[in-house]
Visitor: 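Below is one structure. I have some questions about it.
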Amino acid sequence: MDARPTERREVDLLVVGGGATGVAAACTAGRAGLRVLLVERYGFCGGGAVAGLSGTLCGLYEADALPGKPRQLVHGFVDEFIAQMEQRGALTPPLLYGKTYTRVHEPLAWRESADALLAEAGVQVLYHALCTGVHRDGDLLGGALVWTKSGLLDVRAPLTIDASGDADLLAMAGLRTWCGADGVVQNPTMIFRLQGVDTARFLAAHGFDTIMPAAVSERILAAQQLGADLPRSKIWLFTTTRPGELLCNCTRIRGADGRELNAVLADDFSEAERQGRLQVRAYARFFREQLAGCEASWVNDTGVQVGVRQTRQGAGTATLRNADVVAGSKFADGVARSPWPIELHAGNKPRVEWLFNDYYEVPYGCFVPERGEGLLFGGRCLSAEHEAVASARVTAQCFSYGQALGVAAGLAKRERLQPRDLPGRAVREALNRQGARLDG
Ligand SMILES: Cc1cc2nc3c(=O)[nH]c(=O)nc-3n(C[C@H](O)[C@H](O)[C@H](O)COP(=O)(O)OP(=O)(O)OC[C@H]3O[C@@H](n4cnc5c(N)ncnc54)[C@H](O)[C@@H]3O)c2cc1C
C-alpha cells in the first residue's frame, strides 16, 4: 500500500524518458506551444549517452571508403545541441571512427545542455520520476502513472511519447513489442573512463582511428589465451575533451552461460552490472600492462548503469528493414536520415557494415504504434529489424527522431488529429522548416 495522496496533473503531452529522443521531443513540442511534462527516472537527462556513458555523438557524418573532410549529413535539433555543448567546451572535433567520424562529449555538460534547452522551451521536468503504468481505455491512451518520492502522480494527457528506450509504455499498455532476433539482443557494454593516460604517446603508438588496430586485437586475443577476462577483441578507445583521458568502449557483457544479457529482464540487468564492473577492471589492467601511454592509468568512473544497446522494439505501422539500411532506402514520409553503419555487437567481435557516400531514411510509421491512439514512441526502441537497430539507435538519429515526434505532437494538437492520421510527409515538411534539411 501507499497511504500518500495521489497528485493529478493535466498536460498536452507527456514525454517518458529524458534521453536524446525525449529531450528533443519535449523541447520541440514545448516550442510549438504545448504544455509538456517530461519524466525521467534518473536525476539528469542523457539516458544511454550519459547514464550509460556511451560518450560520443555518432551518426552525423557521411562514411567514405577513404575518409576525407568530415561531411555532416544530419541536421536540425542536433545542431542546437551541438552549439550548447560547444559553448561549454564539451565536444571534441570529429574523431576518425573507421570510415567516418564521431564527436566525443562530456557527460556533465550534456546534462546541463539538456536542462538549458528544456527550460528555454518551457518544459516541466520531473527527475527521479519512474513511469509505472499507463491509462488505457480500449485503444486510447490517456496518460500514465508516475512514481515519485512524494507519492504517485496521475498524469492525464491526450498524447504520450514513449522515449524510454525500452518501449516500456507499449509493454505496459499490452501493445506488441519484440526483442532482437528471436529474443537475442546485442550485448550490453559497461563503458568507463580511464585517467592518467599519456594520450600523445597513446596516439603515436596506436594511431588516430578510435577503432583500435588489429595489433591491439591480437594482444587481447593472446591475453585471452592466458585466461584474462577480455571477451571482446575489437575495441573502441577515444580521447576526450579532458586531458589524460580515454573513453573506453571495450567490454562485452554476457551471462555466466555465455548468453547476451537482455536489460528488460530484471535478473539479466543486475547480472550485467556485476559482470560489467568485473570486466572494467580486467580491461583496465590489460591497458596498463600492454598499451603504450596507459602505464600509469586508472579507472575514473563507469557509467551510472551498464550501457544498453537493445531491448524491446515497438511494433509500428512501418518497420525499418535491415535491407533499407544496406540499400540506403529513401521514403516520401522519411522523417530522419542516417549515414551510420550497421554496428552489430554480438559474439566476440562487433560487425561493422558501412554505407558509403549515402544515407537511409526512417519513415514516420516507425514511431506510430500499429495499435493504440494517443501514443507515439521512438529512439532506440523504434520499429526496426534487429540489424537495422544496430545502425538506427545512435545519438544523432535519436535527436532526429525526437524532433520528428515533437513536430508530430504539435501538428496533432493543432489539427486535432491522432498521430496515425497525420501524413508523414507533413511531418517531414515541418521538420525541413525547422532546419532538418531532409531534402538536401
Ligand atoms: C555501450 C553503448 C555504446 C554506445 N555508443 C554510442 C556512441 O558512441 N555514439 C552514439 O551516438 N551512440 C552510442 N550508443 C547508442 C546511444 O547511446 C543510445 O542508443 C541512445 O542514447 C538512445 O537514446 P534514447 O533516447 O532512445 O534512449 P535512452 O538514451 O536509453 O533514454 C531513455 C531514457 O528514459 C529513461 N527511462 C527509461 N524507462 C523509464 C521509465 N519507465 N520512467 C521514466 N524514465 C524512464 C531512462 O532513464 C533514460 O534516460 C551506445 C549505446 C551503448 C549501450
Side-chain angles (χ1 to χ4, degrees), residues 20-21 24-25 27-29 31-32 56-86 91 93-94 96-103 316 318-343 353-368 378-379 382-384 388 391-411 422-440:
T21 311
C27 289
T28 306
R31 289 170 186 174
T56 96
L57 182 46
C58 293
L60 287 172
Y61 301 106
E62 182 179 63
D64 195 302
L66 288 173
K69 216 167 150 252
R71 185 165 166 249
Q72 187 176 337
L73 295 185
V74 177
H75 293 278
F77 184 84
V78 70
D79 291 317
E80 294 179 57
F81 203 84
I82 288 171
Q84 286 281 337
M85 293 293 281
E86 284 178 341
L91 205 54
L96 186 65
Y97 173 91
K99 305 294 184 189
T100 186
Y101 295 88
T102 187
R103 299 185 72 175
T319 296
L320 184 72
R321 309 275 164 202
N322 301 337
D324 293 327
V325 174
V326 175
S329 299
K330 317 285 187 293
F331 302 91
D333 64 347
V335 293
R337 52 159 69 167
S338 175
W340 193 248
I342 288 178
E343 183 204 325
E353 200 170 316
W354 300 97
L355 179 61
F356 288 135
N357 310 110
D358 202 357
Y359 60 89
Y360 63 89
E361 291 184 338
V362 184
Y364 176 60
C366 293
F367 310 105
V368 179
L382 82 168
S383 183
S391 164
R393 68 189 166 79
V394 293
T395 311
Q397 280 57 48
C398 288
F399 278 125
S400 299
Y401 307 152
Q403 188 177 8
L405 292 168
V407 161
L411 289 176
L422 286 175
R425 211 184 262 271
V427 177
R428 181 184 176 105
E429 284 163 11
L431 285 165
N432 279 333
R433 288 194 292 278
Q434 293 187 6
R437 298 194 224 167
L438 293 166
D439 291 319

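In this text the structure is predicted, and so the values were computed from the model without any measurement.
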Visitor: Considering all heavy atoms of both residues, which atom of Arg428 and which atom of Ala332 are nearest to each other, and what is their separation?
Guide: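 Scanning both residues completely, I find the closest heavy atoms to be CD-O, 3.4 Å.
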
Visitor: Just how far is it from atom CG of Leu422 to atom CG of Leu411, taken to the nearest 0.5 Å?
Guide: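 Going from the CG atom of Leu422 to the CG atom of Leu411 covers 5.5 Å.
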
Visitor: Find the distance between CG (Asp333) and CD (Glu429) and round it off to the nearest 0.5 Å.
Guide: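 Here the rounded value is 11.5 Å.
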
Visitor: Work out which heavy atom in Gly424 is nearest to a heavy atom in Val335; give both atom names and the distance.
Guide: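 Residues Gly424 and Val335, closest heavy atoms: O-CG1, 3.9 Å.
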
Visitor: So, does Tyr401 use its side chain to make a donor-acceptor pair with the main chain of Ala392 at under 3.5 Å?
Guide: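 Between the backbone of Ala392 and the side chain of Tyr401 there is a qualifying donor-acceptor contact (under 3.5 Å).
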
Visitor: Compare every heavy atom of Ala327 with every heavy atom of Asp358, then report the nearest pair and how far apart it is.
Guide: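 Shortest heavy-atom contact: OD2-O, 4.2 Å.
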
Visitor: To the nearest 0.5 Å, tell me how far Leu431 CG sits from Gln434 CD.
Guide: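 Leu431 CG to Gln434 CD: 6.0 Å, rounded to 0.5 Å.
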
Visitor: Measuring from atom OG1 of Thr102 to atom OH of Tyr97, what distance do you get when rounded to the nearest 0.5 angstrom?
Guide: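 Result: 8.5 Å between the selected atoms.
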
Visitor: Restricting to non-hydrogen atoms, name the atom on Asp79 and the atom on His75 that form the minimum distance, rounded to 0.1 Å.
Guide: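 So the minimum-distance heavy-atom pair works out to OD2-ND1, 3.0 Å.
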
Visitor: Quick one: salt bridge (Lys or Arg N to Asp or Glu O under 4.0 Å) partners of Arg437, sequence neighbours excluded?
Guide: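 Once residues adjacent in sequence are excluded, Arg437 has no partner under the salt bridge (Lys or Arg N to Asp or Glu O under 4.0 Å) criterion.
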
Visitor: Assess the residue pair Glu353 and Val325 against the criterion (side chain to side chain contact (heavy atoms under 4.5 Å, CB included)); give the C-alpha distance rounded to whole Å, side-chain angles, the decisive distance to 0.1 Å, and a yes or no.
Guide: CA-CA 10 Å; Glu353 200 170 316; Val325 174; over 6 Å; no

Visitor: Return yes if some donor-acceptor pair links the side-chain N/O of Thr395 with the main-chain N/O of Leu57 below 3.5 Å, else return no.
Guide: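 A pair under 3.5 Å: no.
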
Visitor: Are the side chain of Gln397 and the backbone of Gly59 linked by a donor-acceptor contact shorter than 3.5 Å?
Guide: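 Yes.
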
Visitor: Compare every heavy atom of Cys366 with every heavy atom of Leu320, then report the nearest pair and how far apart it is.
Guide: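 In terms of heavy atoms, the two residues are closest at N-SG, 3.6 Å.
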
Visitor: Would you please test Val74 and Tyr359 for side chain to side chain contact (heavy atoms under 4.5 Å, CB included) and show each step?
Guide: CA-CA 10 Å; Val74 177; Tyr359 60 89; over 6 Å; no

Visitor: Parallel, tilted or perpendicular: which fits the ring planes of Trp354 and Phe356, with parallel below 30° and perpendicular above 60°?
Guide: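 Geometry flag for Phe356 against Trp354: parallel rings.
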
Visitor: Tyr360: what forms a ring-ring contact (aromatic ring centres under 6.0 Å, His included) with it, not counting sequence neighbours?
Guide: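 Result, ring-ring contact (aromatic ring centres under 6.0 Å, His included) vs Tyr360: none returned.
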
Visitor: Considering only heavy atoms from C-beta outward, does the side chain of Pro67 approach that of Leu96 to under 4.5 Å?
Guide: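 Result yes, sub-4.5 Å side-chain heavy-atom pair found.
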
Visitor: So, using side-chain contact (heavy atoms from CB on, under 4.5 Å) as the criterion, who are the partners of Pro70 when residues are at least two apart?
Guide: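 Partners of Pro70 by the side-chain contact (heavy atoms from CB on, under 4.5 Å) criterion, ordered by chain and then number, come out as Tyr61, Pro94, Tyr101.
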
Visitor: Begin with the C-alpha distance, continue with both residues' side-chain angles, and end with the deciding distance and a verdict on salt bridge (charged side-chain N to carboxylate O under 4.0 Å, His left out) for Asp439 and Lys330.
Guide: CA-CA 11 Å; Asp439 291 319; Lys330 317 285 187 293; over 6 Å; no

Visitor: When you look at Ile82 and Leu60, which way does the side chain to side chain contact (heavy atoms under 4.5 Å, CB included) test go after all the steps?
Guide: CA-CA 11 Å; Ile82 288 171; Leu60 287 172; 3.9 Å; yes

Visitor: So among Lys99, Arg71, Arg337, which one has a salt bridge (charged side-chain N to carboxylate O under 4.0 Å, His left out) with Glu62?
Guide: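 Single salt bridge (charged side-chain N to carboxylate O under 4.0 Å, His left out) partner of Glu62 among Lys99, Arg71, Arg337: Arg71.
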
Visitor: Of all heavy-atom pairs between Ala29 and Ala409, which one has the smallest distance, and what is that distance?
Guide: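 Looking at all heavy atoms of both residues, the shortest contact is CB-CB, 4.4 Å.
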
Visitor: Taking 4.0 angstrom as the limit, do Lys69 and Asp64 come out as a salt bridge?
Guide: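 Answer for the salt bridge query: no.
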
Visitor: At what distance, to the nearest 0.5 angstrom, does OG of Ser338 lie from CG of Leu355?
Guide: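 The CG atom of Leu355 is 8.0 Å from OG of Ser338, to the nearest 0.5 Å.
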
Visitor: Could you grab the distance from atom CD of Glu80 to atom OG1 of Thr28, nearest 0.5 Å is fine?
Guide: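 Here the interatomic distance stands at 7.5 Å.
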
